[in-house]
Amino acid sequence: MTELLAGLNPQQQEAVTTGDGPVLVLAGPGSGKTRVLTHRVAYLIREVGVYPGSVMAVTFTNKAANEMRSRVESLLESRLTGVQLGTFHAICARLLRRESQHTPYTADFLIYDRDDQLAVIKQAMAEAEVNSSKMRPGRVLGAISAAKNELITPEKFSAPTYFGEVVKRVYPRYQEILVANNALDFDDLLMQMVFLLQNNDEVRERYQRYYEYLLVDEFQDTNMAQYQLVLLLSKPQNNVFAVGDEDQGIYAFRGADYRNVMHFRRDFPDAKVILLEQNYRSTQVVLDVARAVISKNTQRTPKALFTERGGGVRVTLYEAYDEREEGTFIVERIEDLRREHGYDYKDFAVMYRTNAQSRAIEDACVAMNLPYRLVGGVGFYKRREIKDLLAYLRLINNANDTVSFTRIVNVPKRGIGKKSIADFRKWVAKNNFTQELALSVIAEGGEFPLSGKAARSMTEFTKNIFAWRKQADDGDLTLLLDDIVARTGFNLYLHDISDSENQTIERSENVRELRGLLKEYEGETLGEFLAEIALVADVDEIDDNDDKVTLLTLHSAKGLEFPVVFISGVEDGLLPHIRSFDDSEGMAEERRLMYVGVTRAMDELYLSYTFRRAMYNATGGPNEPSRFLEDIPAHLTKDIPPMLAQKQNQRAFADEISWETDWDAPRLGQRMRDDAHAATPKPEPKPTLFKSNQRVYHGIFGEGIVIESKRVDDDDEEVVVSFAEGGIKRLMASFAKLTILDG
DNA sequence: CCCAAGAATGTTTTT
DNA sequence: CATTCTTGGG
Ligand SMILES: Nc1ncnc2c1ncn2[C@@H]1O[C@H](COP(=O)(O)OP(=O)(O)OP(=O)(O)O)[C@@H](O)[C@H]1O
């Protein structure tokens, strides 16, 4: 008992030990919400004597689930078995397999990732005679996914637009193909589980009785389907323990709704609400910055949050010319901090809004030889060679998987082209075969409509598939992989698809890594292996033991913490992202995203932005520092870089005069704002020689871009230039010998 | 059916 | 720019 509650403050202890009934823990970042949930699981088992099997604990990532498992095990000093622990998706997959006889699927169903889904969508669009070049498959898929998150079936789907009509035609076909392939997409995992519980009284009652205790972390990022699951599973005991923070809801784009926290209070009116107010993660400075940012959101209930880590290092704001300079700054600072304060590489995280930004940071790391790990992006499972081999494994596991079949029937090239595949498809449809039956007919030498090389290849291919299936049943998965690689000439193929010897080697190494992974699954079936890797998320792959700097999106950073955090690209248009500008809910979410990023920091926080950021090939910009930066009071930051200072001045002045700036006279407001920068405002100032965005050359600093120029007196002006190499400088025109390169 | 060259197209965030 | 798709000659 003592250790279970040691290391918990009184509010946390209350949350852990509260008796039966609904509980809602509402608290800010770093207040120990996850810790409380973990301790409560241990407490229920050890002190209350609850049977572990009757506990279901939902985490946001598989990684969090693993951590929770090992934390609970060390609290209990024994292995934890029986507890249903995992993400909503993982838990639903497990339960659906167990109850597959009550679903349209068999227990070895596949889980389709986005690429698989797109392949199905394209097929469905073709069959529904929708021109896929006019309607982007991704958009249609997005609409279907959104519908599924709201538990809207193909029959119930309707939308009053032309696009909606198209979706309405594609959705039923999409769903049919999935079922025929014995496959579920991510959204199906939740939706089908809800339907199973809603429609099957026996199953529902059995699970309601079985799972007496339900605990859910990160409740603010549940979607409607997940919320329904909570409602369904919590009955009749209503022993639900939900933990969350409305200010950290950042997944609205995939259907999550932070208002579920409110819905919880509505649906469980007798819920005991517990607030945790002490933050154990961050310094006061970090919390103050976070509060300054989030408090601008209107629709929120402010929460108290204090830390005993008073003071702290002020936040560093850094203005870089471009993303290269930003990367260099970050990497150099990491090395400095490591040397001067004894941090390890793994104590640092570099965060960004979009994955594309990781490139510049990576380049800087490579240039400085700094070990890093990239979370997300083109991860291991998204590599072409791995996807190909997994398609083999999936087809072997389930010969009805048309998506995998289509992917690899001619990979490596074996002379079965588009036409042959189409003919095969037609033949299958005409005879009302399943794909599996069709393949076995071919393997056994039956009639089928291909000829020549294509026919011979197809026969060999199908024979192989069935031979491999036998091998898979024997259990040695590494041997199976070796055989696939050998018989398909996969290594030659790797060479063919690579543009360099290095790339070939890299791909071969990936194949070896896959082999190693299969070895770890020794003793499990092929189906089990495929099931587990299908739900591996990017953050799940973080190995806390290797000493590397972590590069990740703000979204993936949720729930994590690092001693030193860099948030890069804190620019208007990126954070907040331009796609959210016209939508106040979207802007509020961008702010929450910034809030989540800031509150990951334990000791030190760096916020950087650039003047120019390359996109595609073109140099973008000029960028403005993020409006969120303007909300941070000066006493929390070190120096305020020039562009931000300028923006703040502008805003301060604009605010002052706004009462007299009416829409009919925008020019007046503009003029007055410009004048505000002049040392001595003159009625008719001569136009400046240098103008914003001009490219200029300086003998020492090299090439640069004029940010602004203001007249000091009749024949001199002060020019602020951002140099590619030398950063931002303030120069007197009479003195500096600047050459204008273009106008 | 295959391949190479050129065109097109795309960047928000993800289980 | 960098990956994916289209096109046309072998
Ligand atoms: N009572 C406590 N004493 C010491 N450390 C604590 C205590 N409670 C929590 N912590 C530590 O504070 C940090 C944050 O805890 P935790 O991750 O559980 O917070 P959280 O509320 O889930 O955060 P977030 O909402 O940001 O994900 C962890 O390092 C945890 O070990």
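The sequence lines fix the lettering, A, B, ..., with proteins before strands; numbering per chain opens at 1.
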Output the rounded distance in Å from [atom1] ([X]) to [atom2] ([N]).
X	N	atom1	atom2	answer
A:Leu575	B:dT12	CG	P	15 Å
A:Lys558	B:dT14	NZ	C1'	11 Å
A:Leu118	B:dT14	CG	P	16 Å
A:Asp116	B:dT14	CG	P	18 Å
A:Glu323	B:dT11	CD	C1'	14 Å
A:Arg579	B:dG10	CZ	P	11 Å
A:Arg136	B:dT9	CZ	P	9 Å
A:Asn223	B:dT14	CG	P	16 Å

Kindly say if [X] contacts the phosphate of [N], meaning a side-chain N or O under 4.0 Å from OP1 or OP2.
X	N	answer
A:Asn149	B:dT15	no
A:Ser420	B:dC1	yes
A:Asn355	B:dT11	no
A:Arg384	C:dT3	no

Just wondering, do A:Tyr251 and B:dT14 stack (centres under 5.5 Å, planes under 30°)? no
Under 5.5 Å between ring centres and under 30° between planes: true for A:His89 and the base of B:dT15? no
Just to be sure I understand the rule, does [X] reach a base, reach only the sugar-phosphate, or reach nothing, if contact means heavy atoms closer than 4.0 Å?
X	result
A:Ala537	sugar-phosphate
A:Arg359	sugar-phosphate
A:Asp113	nothing
A:Ser556	sugar-phosphate

More than 12 heavy atoms from other groups under 6.0 Å of CD on A:Glu460: no
Note: for A:Glu589 and A:Asn410 on DNA chain B, the residue whose nearest nucleotide lies more 5' is A:Asn410
Mapping A:Arg254 and A:Gly415 onto DNA chain B by nearest heavy atom, which one lands closer to the 5' end? A:Gly415
Think A:Arg254 forms a cation-pi with A:Tyr251, using NZ or CZ under 6.0 Å from the six-ring centre and within 45 degrees of its axis? yes
Proximity to the side chain of A:His555 - top-ranked nucleotide from B:dG10, B:dT14, C:dC5: B:dT14
Looking only at the side chain of A:Lys413 (C-beta and beyond, no hydrogens), which of the listed nucleotides B:dC2, B:dT15, B:dT13 gets closest? B:dC2
Do A:Leu535 and A:Leu189 have side chains that get closer than 4.5 Å, going by heavy atoms? yes
Do A:Phe264 and A:Phe219 make the cut of ring centroids closer than 6.0 angstrom? yes
Under the 3.5 angstrom rule, does the side chain of A:Glu571 hit a backbone N or O of A:Pro625 as a donor-acceptor pair? no
Using the P atom on both, measure B:dT13 against C:dT4 and round to a whole Å. 16 Å
Given side chain to side chain donor-acceptor pair (under 3.5 Å), test A:Ser404 with A:Arg394 step by step and report yes or no. CA-CA 7 Å; A:Ser404 298; A:Arg394 298 204 312 187; 3.2 Å; yes
